[in-house]
There are 2 protein chains.
Amino acid sequence: MSNCKRKLLSTERESLILKALGEGVSTITELSAQLNVSEATVRRDLHSLEEQGKAKRIHGGAVRVKFPQTEPIFTEKAGFHAQEKKSIAEKALEYIEDNDSIYLDGGSTILPLARMLDSRKNLTIVTNSMMAAAELMESQHRLILLGGEFRALSRTLVGPLTQQIVNTLHINKAFMGTIGFTVDEGISTTDPGEAFTKEIVMRRAGKVYVLVDSSKIGVPSFAVSGSINDIDTVITDENISPKLVKELEDSEVKIVF
Amino acid sequence: MSNCKRKLLSTERESLILKALGEGVSTITELSAQLNVSEATVRRDLHSLEEQGKAKRIHGGAVRVKFPQTEPIFTEKAGFHAQEKKSIAEKALEYIEDNDSIYLDGGSTILPLARMLDSRKNLTIVTNSMMAAAELMESQHRLILLGGEFRALSRTLVGPLTQQIVNTLHINKAFMGTIGFTVDEGISTTDPGEAFTKEIVMRRAGKVYVLVDSSKIGVPSFAVSGSINDIDTVITDENISPKLVKELEDSEVKIVF
DNA sequence: AAAGAAAATGCAAACTTTTGAAAGAATTTT
DNA sequence: AAAATTCTTTCAAAAGTTTGCATTTTCTTT
């Protein structure tokens with residue numbers, strides 16, 4: 001190196017330094033010799049590179065920084081019934097075909113489903129769930145987030161504002177989570193704003209699938225979304241009681257377990 | 001190069017300069033010798049090229065910039081000029097008061113600002129940035145996400161769908177990021193959908209603050225959002241040129257640095 | 001075609017940034 | 001703990017930039 005006839009500009013030096021760093025480290029003395037500049041200048045260049053996040057200073061030299069630290073994305077709280085939820089999601093996945101336009105609701109039951117969507121092609125995915133969106137950020141599908149007020153507890157976007165976007169979209173199949181589920185009242189949740197969003201989604205969606213693990217069945221929550229009539233299919237696990245299966249079938253709801 | 005007997009027109013020189021720059025850099029002295037003109041003329045040509053966004057001046061020479069200006073991937077951008085961005089964000093923070101209703105745009109310059117908002121109380125924060133939303137998830141403020149199509153590169157929600165929510169909200173102060181900034185065209189970005197969202201936000205916001213580090217100034221990108229008239233205040237770092245300060249003041253834009 | 005206006009160019013003085021050297025503080029090694 | 005190395009700060013010289021002005025070139029107008 002250093003067949004430099006003329007003085008180098010700072011940017012040239014910086015890229016040469018990066019090249020010299022390669023994968024490993026270089027000392028100030030080495031770089032100073034290679035670039036034919038004083039050590040003070042090397043330090044200054046290194047400082048600039050560090051500000052740009054391209055290199056990191058260490059005592060006596062510098063190291064290349066590879067790919068800058070990946071941002072802290074949403075973290076998932078380790079879940080109850082994780083295995084059941086995953087198997088419920090697998091059943092739901094079978095109803096999703098290439099080119100579908102689907103809605104993913106919030107909730108820990110829907111999240112595993114979001115992770116499986118790489119097996120489908122060219123989906124349009126509409127969601128109000130920040131967690132699902134974070135999962136799908138890197139995917140190849142088209143991703144649309146409902147706007148609205150952020151609800152910290154469920155990490156979803158809820159309330160009247162969500163209505164506007166929902167009403168302009170055509171949703172083929174909606175996959176809904178829930179806090180409570182009863183045959184009389186259908187799905188219910190703790191927050192009225194969230195219930196409202198669920199309701200307008202269900203009303204507009206072509207087909208509505210409710211994913212619910214058996215621990216929530218028979219337990220009503222505070223705010224009800226729509227009625228049992230808005231639901232086409234309930235997808236749940238094997239622990240569901242035969243009595244409930246019959247009740248659902250009487251209400252013309254398909255049930256998968 | 002250029003054994004030119006007759007004198008060259010400025011446009012001819014400029015294209016020769018661009019050719020000489022190639023992908024790399026050239027010094028003023030080199031260019032002056034190659035083109036048989038004084039260094040003063042080279043500087044003037046380079047200045048003109050810079051205004052056109054085709055080259056970027058650096059001390060002692062110039063580098064070629066590709067057009068349209070490419071957008072670095074998000075994680076790369078995060079570390080770039082990190083210190084400047086933080087100090088820009090600190091200046092912007094002073095314009096945010098308790099109970100304000102503010103908009104946070106996408107971009108790595110706005111992100112540090114999101115992190116500082118704990119020092120204010122009872123804000124209503126509207127944003128189209130997933131990263132900003134992730135930062136603000138735990139905060140006490142009211143958080144509203146614009147809906148819309150998710151754009152992976154910038155991790156923002158963009159496009160026509162965003163318009164609906166923006167139009168129903170009252171935004172007190174909007175804090176905008178940008179990929180490129182020129183006095184002639186104002187802020188510009190790489191994606192038309194993103195430009196669209198920026199534009200409708202700026203049009204509806206009471207006051208518009210643009211946060212831009214000096215490396216982006218004078219560099220236009222592909223899709224322009226609104227005009228310089230939509231901007232009330234530009235917040236930048238100390239490296240801004242006095243000339244630009246004057247130009248902005250002539251356009252009745254307040255400038256903070 | 002000549003005179004005048006406008007634009008471009010080169011030059012030089014004042015100013016700014018960058019660079020290298022040196023001194024003292026901080027860190028690592030022996 | 002002493003020695004050696006490296007880091008930070010400061011300062012002056014060198015290199016680069018800006019600005020105003022005189023000169024040349026180019027364009028317009030008569």
Side-chain angles (χ1 to χ4, degrees), chain A residues 2 4-17 20-21 24-52 55-64, chain B residues 2 4-18 20-21 24-52 54-64 81 83-84 183 213-215 217-219 236-250 257:
Chain A
S2 77
C4 2
K5 34 195 148 189
R6 71 164 159 87
K7 240 174 173 181
L8 293 167
L9 264 25
S10 57
T11 48
E12 295 181 279
R13 284 199 313 267
E14 289 184 4
S15 59
L16 281 176
I17 288 176
L21 287 182
V25 305
S26 297
T27 66
I28 302 271
T29 321
E30 278 169 13
L31 291 170
S32 161
Q34 282 176 18
L35 300 171
N36 270 327
V37 291
S38 71
E39 303 198 345
T41 302
V42 174
R43 289 202 182 89
R44 279 185 272 247
D45 287 346
L46 249 22
H47 186 265
S48 149
L49 284 171
E50 185 164 37
E51 274 196 335
Q52 295 171 38
K56 181 153 175 60
R57 283 287 337 250
I58 52 173
H59 196 90
V63 293
R64 181 90 193 245
Chain B
S2 70
C4 13
K5 341 215 106 159
R6 81 165 159 86
K7 239 170 184 180
L8 294 165
L9 262 32
S10 61
T11 49
E12 296 182 278
R13 279 200 316 269
E14 289 187 3
S15 60
L16 280 177
I17 288 176
L18 285 182
L21 287 182
V25 306
S26 296
T27 65
I28 302 275
T29 320
E30 279 170 7
L31 291 170
S32 160
Q34 283 176 17
L35 301 170
N36 270 326
V37 291
S38 72
E39 303 198 344
T41 303
V42 174
R43 290 203 179 89
R44 278 185 273 249
D45 288 346
L46 248 21
H47 183 80
S48 145
L49 284 171
E50 185 166 37
E51 281 191 331
Q52 296 170 47
K54 295 178 180 167
K56 176 112 186 141
R57 282 286 340 249
I58 54 174
H59 196 93
V63 295
R64 180 88 193 249
H81 289 234
Q83 200 49 54
E84 276 97 333
V183 177
D213 66 90
S214 53
S215 74
I217 290 179
V219 185
T236 183
D237 56 60
E238 290 80 6
N239 301 325
I240 188 170
S241 72
K243 180 162 170 289
L244 194 85
V245 173
K246 209 172 128 232
E247 283 178 356
L248 283 172
E249 281 169 351
D250 289 346
F257 56 95

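Because the structure is a prediction, the values reported are computed rather than measured. Just so we're on the same page: letters track the sequence lines, and every chain starts at 1.
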Legend entry - Separation of A:Leu31 CG from A:Leu21 CG (nearest 0.5 Å): 6.0 Å
Inset, instruction - Name the nucleic acid region contacted by A:Leu9, choosing base, sugar-phosphate or nothing; use a 4.0 angstrom heavy-atom cut-off, strictly under. - result: nothing
Legend entry - Under 3.5 Å donor-acceptor, B:Thr236 side chain and B:Asp213 backbone: no
Legend entry - Rounded interatomic separation in angstrom, taking CD1 from A:Ile58 and P from C:dT29: 11 Å
Legend entry - Nearest-angstrom distance from the residue atom CG of A:Leu8 to C1' of C:dG20: 16 Å
Inset, instruction - Round to the nearest Å and state the distance from A:Glu12 atom CD to C:dT18 atom C1'. - result: 15 Å
Inset, instruction - Might you confirm whether atom NZ of A:Lys56 has over 12 heavy atoms from other residues, nucleotides or ligands at distances under 6.0 Å? - result: no
Legend entry - For atom CD of B:Glu30 and atom P of D:dG16, their distance in whole Å: 11 Å
Inset, instruction - Compare the minimum distances between each of C:dT19, C:dG10, D:dC7 and the side chain of A:Arg13, then state the nucleotide with the smallest one. - result: C:dT19
Legend entry - Nucleotide nearest A:Thr29 when distance is taken to its side chain, options C:dA21, C:dC11, D:dT6: D:dT6
Inset, instruction - Could you please name the option among C:dT28, C:dA21, D:dT17 that lies closest to any side-chain atom of B:His59? - result: D:dT17
Legend entry - 5'-most by nearest nucleotide on DNA chain C - B:Asp45 or A:Glu39: B:Asp45
Inset, instruction - Check whether any side-chain nitrogen or oxygen of A:Ser38 sits under 4.0 Å from OP1 or OP2 of C:dT19, and answer yes or no. - result: no
Inset, instruction - Output the distance between atom CG (A:Asp45) and atom CZ (A:Arg13), rounded to the nearest 0.5 Å. - result: 4.0 Å
Inset, instruction - Using only side-chain N and O atoms of B:Arg57, determine if any of them is under 4.0 Å from OP1 or OP2 of D:dG16. - result: no
Legend entry - Nearest-angstrom distance from the residue atom CG of A:Leu31 to P of D:dC7: 11 Å
Legend entry - Euclidean distance, atom NE2 of residue B:His47 to atom P of D:dT19 [Å, nearest integer]: 9 Å
Inset, instruction - Would you please confirm or rule out a distance under 4.0 Å between OP1 or OP2 of C:dG20 and any side-chain N or O of A:Arg43? - result: no
Inset, instruction - Quick one: label B:Leu46 by what it contacts on the DNA or RNA (base, sugar-phosphate, nothing), any heavy atom closer than 4.0 Å. - result: nothing
Legend entry - Nearest atoms (heavy-atom pairs only) where A:Leu9 meets B:Ser26: CD2-O, 3.8 Å
Inset, instruction - Give the nucleotide from the list C:dA21, D:dT17, C:dT9 with an atom nearest to the side chain of B:Ile28. - result: D:dT17
Inset, instruction - Could you check A:Gly60 against A:Arg44 and say which one's nearest nucleotide on DNA chain D is further toward the 5' end? - result: A:Gly60
